[in-house]
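Heads up, the thing below is written out as structure tokens.
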Protein chains: 2
Amino acid sequence: MRDLIEYRAEILKALGQPTRLKIIDFLRDGERCVCEIYPAIAEEQSNTSRHLNMMLSAGVLSRRKDGLKIYYAIKHPEILEVMDIVTRIVKRDITGRHRLLKAA
Amino acid sequence: MRDLIEYRAEILKALGQPTRLKIIDFLRDGERCVCEIYPAIAEEQSNTSRHLNMMLSAGVLSRRKDGLKIYYAIKHPEILEVMDIVTRIVKRDITGRHRLLKAA
DNA sequence: CAGCTAAATGACTATATAGTCATATACTCT
DNA sequence: AGAGTATATGACTATATAGTCATTTAGCTG
């Protein structure tokens with residue numbers, strides 16, 4: 001049970017960062033190579049590579065080589081379920097939240 | 001959409017840390033006061049308090065005062081859905097993973 | 001009010017993280 | 001082999017994080 005907690009935390013932490021979230025969003029409809037990902041999310045190639053590797057070793061992404069290119073994909077469909085649930089929470093919760101009061 | 005990403009990341013980050021995960025697990029069957037939480041997870045009162053406050057402002061927990069005691073609870077039932085999904089991923093993925101090879 | 005209990009916070013330390021720039025590695029094609 | 005493209009990594013900086021210990025704040029009760 002101890003190890004399960006660490007592993008769960010690792011997955012959730014991998015998802016809990018804006019740049020990585022952008023990557024997850026971009027990978028939603030299938031695998032993409034790094035050369036497609038970093039321009040899409042407007043981050044440096046090296047930074048993107050680090051985040052991809054981080055999510056790979058957290059068990060969030062999978063990797064496939066094809067010649068020069070390396071394709072990353074979301075490893076478990078449930079990851080997208082998680083994202084959908086969190087999005088739902090945010091959208092429902094966002095009304096009346098201090099966070100949005102600055103937009104007023 | 002920009003703000004949504006930040007907010008989603010904040011929630012997921014709040015869940016992605018072992019000590020906070022222990023708290024979430026402990027709060028699974030209902031609200032508890034700080035004085036129950038920190039002995040249950042075997043962490044210092046001050047450290048526990050910080051994590052609780054962090055999850056509160058991330059929108060993961062809610063807080064209720066009752067006299068001297070302050071009761072925290074999981075704010076959205078969906079948080080538990082997220083935890084269940086992640087647990088399922090971990091349990092399925094854990095076989096044949098380097099992480100578990102050290103136990104061999 | 002005095003003393004008690006519960007929770008939060010200040011000050012600090014050690015470590016982790018995100019990001020950048022430059023470079024190295026790996027593969028392809030001529 | 002050499003040029004070119006795709007990805008990863010070393011070295012570094014700045015900031016964030018988790019944790020500890022000591023103290024403060026808040027509310028209760030005698």
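Throughout, protein chains are lettered first and strands after them, A, B, ... in sequence-line order, and every chain is numbered starting at 1.
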Please encode protein proximity along nucleotides 24-30 of chain C as a string of B, S and -, counting only heavy-atom distances under 4.0 Å.
--BBS--
Partners passing side chain to side chain contact (heavy atoms under 4.5 Å, CB included) against A:P18 (at least two apart in sequence or in another chain):
B:I5, B:E6, B:A9
Please state how far atom OH in B:Y38 lies from atom P in C:dA7, giving the value in whole angstrom units.
8 Å
State which residues pass side chain to side chain contact (heavy atoms under 4.5 Å, CB included) with B:T19; sequence neighbours excluded, sorted by chain then number.
B:Q17, B:I41, B:E43, B:H51
Which parts of nucleotides 14-21 of chain D does protein reach within less than 4.0 Å, heavy atoms only, written one letter per nucleotide 5' to 3' as B for base, S for sugar-phosphate only and - for none?
---SSBBB
Residues two or more places apart in sequence or in another chain: which of them pass side chain to side chain contact (heavy atoms under 4.5 Å, CB included) with A:V34?
A:Y38, A:L52, A:Y72
Looking at B:R20, B:M54, B:M55, which hits side-chain contact (heavy atoms from CB on, under 4.5 Å) with B:L61?
B:M55
Separation of C:dA7 P from B:L61 CG (nearest whole Å)
14 Å
Suppose the criterion is salt bridge (charged side-chain N to carboxylate O under 4.0 Å, His left out): which pairs have a residue in residues 52-69 of chain B, not counting sequence neighbours?
B:E31-B:R64
Given atom CD of B:Q45 and atom C1' of C:dG10, what is their separation to the nearest angstrom?
14 Å
With respect to the phosphate group of C:dA6, does any side-chain polar atom (N or O) of B:Y72 fall under 4.0 Å of OP1 or OP2?
no
For B:I70 and D:dA26, give me the distance from atom CD1 to atom P, rounded to whole Å.
11 Å
Report yes if at least one side-chain N or O of B:R32 is closer than 4.0 Å to OP1 or OP2 of C:dA7; otherwise report no.
no
Who are the salt bridge (charged side-chain N to carboxylate O under 4.0 Å, His left out) partners of B:R32, not counting sequence neighbours?
B:D29, B:E36
A:R8 side chain to B:V86 backbone, donor-acceptor under 3.5 Å
no
Distance, rounded to the nearest Å, where B:R63 contributes CZ and C:dA6 contributes P:
17 Å
To the nearest Å, how far apart are B:E36 CD and C:dA6 P?
11 Å
Take atom NZ of A:K69 and atom C1' of D:dG4, then tell me their distance rounded to the nearest Å.
14 Å
Under the side chain to side chain contact (heavy atoms under 4.5 Å, CB included) rule, collect the residues that match up with B:E44, sequence neighbours excluded.
B:S46, B:N47
Listed partners of A:E81 passing salt bridge (charged side-chain N to carboxylate O under 4.0 Å, His left out), at least two apart:
none
